[in-house]
Amino acid sequence: MIPLKNDTLIRALLRQPTAYTPVWLMRQAGRYLPEYNQTRARAGNFLALCKSPALATEVTLQPLDRYRLDAAILFSDILTIPDAMGLGLYFADGEGPRFERPTRDAASIGKLVAPDPLGELKYVIDAVAEIRRALGGRVPLIGFAGSPYTLACYMVEGGASDDFRTIKTMLYREPALLHRILEVNAQAVAAYLNAQIGAGVQAVMLFDTWGGNLSHDAYREFSLAYLARVLGEVKREHDGVRVPRIVFTKGGGLWLEAIAGCGCDCVGVDWTVNLADARQRVGERVSLQGNLDPAVLFSTPQVIREQTGKVLASFGPGPGHVFNLGHGISQFTPPDHVSALVAAVHELSRAHHEGR
Ligand code: CP3
């Protein structure tokens, strides 16, 4: 394997010294880039794009050709797992993801089986290998999966939801049913991440987009416990090299101490969190990733620079910060504003790492 030319991300995730703060963006390959929209049009639709390793490789590299980002993220989706379980994923125009066959009753839940990552999900694993070859060691490749709870939200609701009424009704009326879904999901996610690692991803991230909608106790029982279970099964090293793990619970700012203890190396935080405060709370246990409000990118290059400086200053000096947005980049972001952001992170962060 070719050694990494830029290992800043890996070092920062493991709280090792770096010359500057690395930066990548959640959803960095996406609809705000005209070249992405062109490739998606060639593929026909989003799912066809995900299922073509060649086209997934092309769009993974697009943001790296435009910006000096410190990581690539596999182009795919968290919902590939429930799709491979047979729930029938589709994207209705303007409505986000939907499932033809949501899983809500004991009969369908009893039949759920974790998919073989080298079977129905082989297209993802093939994409990982192809992206690694195309990257040629430029930057590390991040693999990912959804958290067992976040996947369950889509599987039970059948799509996005305002109030999560169906899954929360299940959680309080028939918790054993939800636990059964979460167990299958945890097995599926662990096997999927291990296959991604086997094919070459150099860090992994668990997206717990909806864990923040749970009560204090329910978060621990229905989301965090399964994140911990996944991480207990995921390989810590590949070919003798550490594979750092990031956990991001959107809306999880009140629970950072608990999240820091789930077996991850890095906790992702949304923009509601103050990084200085978060750093004090998690101590030496983990690094932090985040957390510029994605809406800052609608402003001006000057405001972007100021707001970036504030995020860097709030983390303060020393290693252990990976710069990112507090959630995915919006499709309405002007592409030039991302250049301003990346330049600001690289320039302004050097002062926080000097002499280290
Ligand atoms: O970050 C990257 O560049 C990698 C690719 C990536 C996508 N989805 C591509 C995508 C990643 C890491 C995801 C994760 C994902 N998918 C999450 C967790 C992160 C988060 O945003 O909270 C969730 C909840 C999903 C499920 C999903 N997929 C939703 C809700 C949507 C619709 C979103 C929207 O903006 O309409 C998708 C579709 C999707 N996944 C798109 C992309 C680029 C847009 C599809 C398109 O081209 O039309």
Side-chain angles (χ1 to χ4, degrees), residues 23-52 55-67 69 71-83 87 89-99 124 127-128 131 139 141-155 157-162 164 189 192-193 196 201 203-213 223 227 246-252 268-271 289-291 294 324-333 338:
V23 53
W24 69 279
L25 307 176
M26 290 188 260
R27 291 275 175 94
Q28 63 191 25
R31 285 171 296 181
Y32 72 106
L33 291 177
E35 58 270 34
Y36 168 84
N37 293 319
Q38 277 173 17
T39 310
R40 191 183 64 165
R42 267 202 283 142
N45 58 55
F46 170 68
L47 268 184
L49 180 52
C50 291
K51 291 185 178 182
S52 156
L55 296 181
T57 300
E58 184 177 311
V59 293
T60 299
L61 267 64
Q62 285 171 348
L64 299 168
D65 291 338
R66 262 193 197 246
Y67 314 113
L69 294 158
I73 179 161
L74 164 67
F75 188 84
S76 188
D77 199 83
I78 63 167
L79 301 177
T80 52
I81 286 184
D83 185 47
L87 274 64
L89 176 63
Y90 67 100
F91 284 81
D93 258 352
E95 289 176 59
R98 288 277 187 84
F99 285 107
V124 180
V128 169
I131 296 164
V139 289
L141 175 63
I142 303 169
F144 70 90
S147 75
Y149 176 72
T150 292
L151 295 181
C153 285
Y154 287 100
M155 293 162 69
E157 296 291 339
S161 170
D162 293 338
F164 297 92
V189 167
Y192 185 55
L193 290 178
Q196 291 183 27
V201 303
V204 293
M205 174 151 168
L206 284 159
F207 285 94
D208 188 24
T209 306
W210 299 123
N213 73 25
S223 188
L227 285 164
I246 311 163
V247 165
F248 171 57
T249 292
K250 182 157 184 287
V269 292
D270 66 35
W271 60 88
Q289 174 173 280
N291 71 342
N324 206 314
L325 303 176
H327 197 199
I329 189 167
S330 157
Q331 63 172 305
F332 304 109
T333 304
V338 176

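In listed order, ligands and their atoms are each counted from 1.
- Distances between N or O atoms of R40 and those of ligand 1 include at least one value under 3.5 Å.
- For atom 19 (C) of ligand 1, the nearest protein heavy atom (residue, atom name, distance) is F207 CD2, 3.4 Å.
- Geometrically, ligand 1 and T150 share no nitrogen or oxygen pair separated by less than 3.5 Å.
- Note: no N/O pair closer than 3.5 Å links L79 and ligand 1 by distance alone.
- Inter-residue side-chain proximity for V128 and L141 is flagged as met; some heavy-atom pair is nearer than 4.5 Å.
- With a heavy-atom cut-off of 4.0 Å, P97 touches ligand 1 through its side chain alone.
- Contact analysis puts F91 in contact with ligand 1, with a non-hydrogen atom separation below 4.0 angstrom.
- Atoms of ligand 1 lying under 4.0 Å from at least one heavy atom of T209, given by number and element, are 18 (C), 19 (C), 20 (C), 22 (O), 24 (C).
- At a heavy-atom distance under 4.0 Å, only side-chain atoms of R31, from C-beta outward, approach ligand 1.
- Contact check on E58 versus R42 returns a salt bridge, with a Lys/Arg side-chain nitrogen under 4.0 Å from an Asp/Glu carboxylate oxygen.
- Residue, atom and distance of the protein heavy atom nearest to atom 16 (N) of ligand 1 are D77 OD1, 3.0 Å.
- At a 3.5 angstrom cut-off on N or O pairs, R27 counts as close to ligand 1.
- Using a 3.5 Å distance cut-off with no hydrogens or angles, the side chains of T80 and Y192 do pair a donor with an acceptor.
- Proximity of Y154 to ligand 1 is established by a heavy-atom distance of less than 4.0 Å.
- Annotation for ligand 1: atoms under 4.0 Å from non-hydrogen atoms of Q28 are 1 (O), 2 (C), 3 (O).
- For the pair H327 and ligand 1, a heavy-atom separation below 4.0 Å is found.
- At least one heavy atom of S76 sits closer than 4.0 Å to an atom of ligand 1.
- Atom CD1 of I131 sits about 3.5 Å away from atom OG1 of T60, to the nearest 0.5 Å.
- Interface of L74 with ligand 1, defined as ligand atoms under 4.0 Å from a residue heavy atom, comprises 4 (C), 5 (C).
- The shortest heavy-atom distance from G328 to ligand 1 is not under 4.0 Å.
- Salt-bridge check for K51 with D77: failed, with every basic side-chain N at 4.0 Å or more from each acidic carboxylate O.
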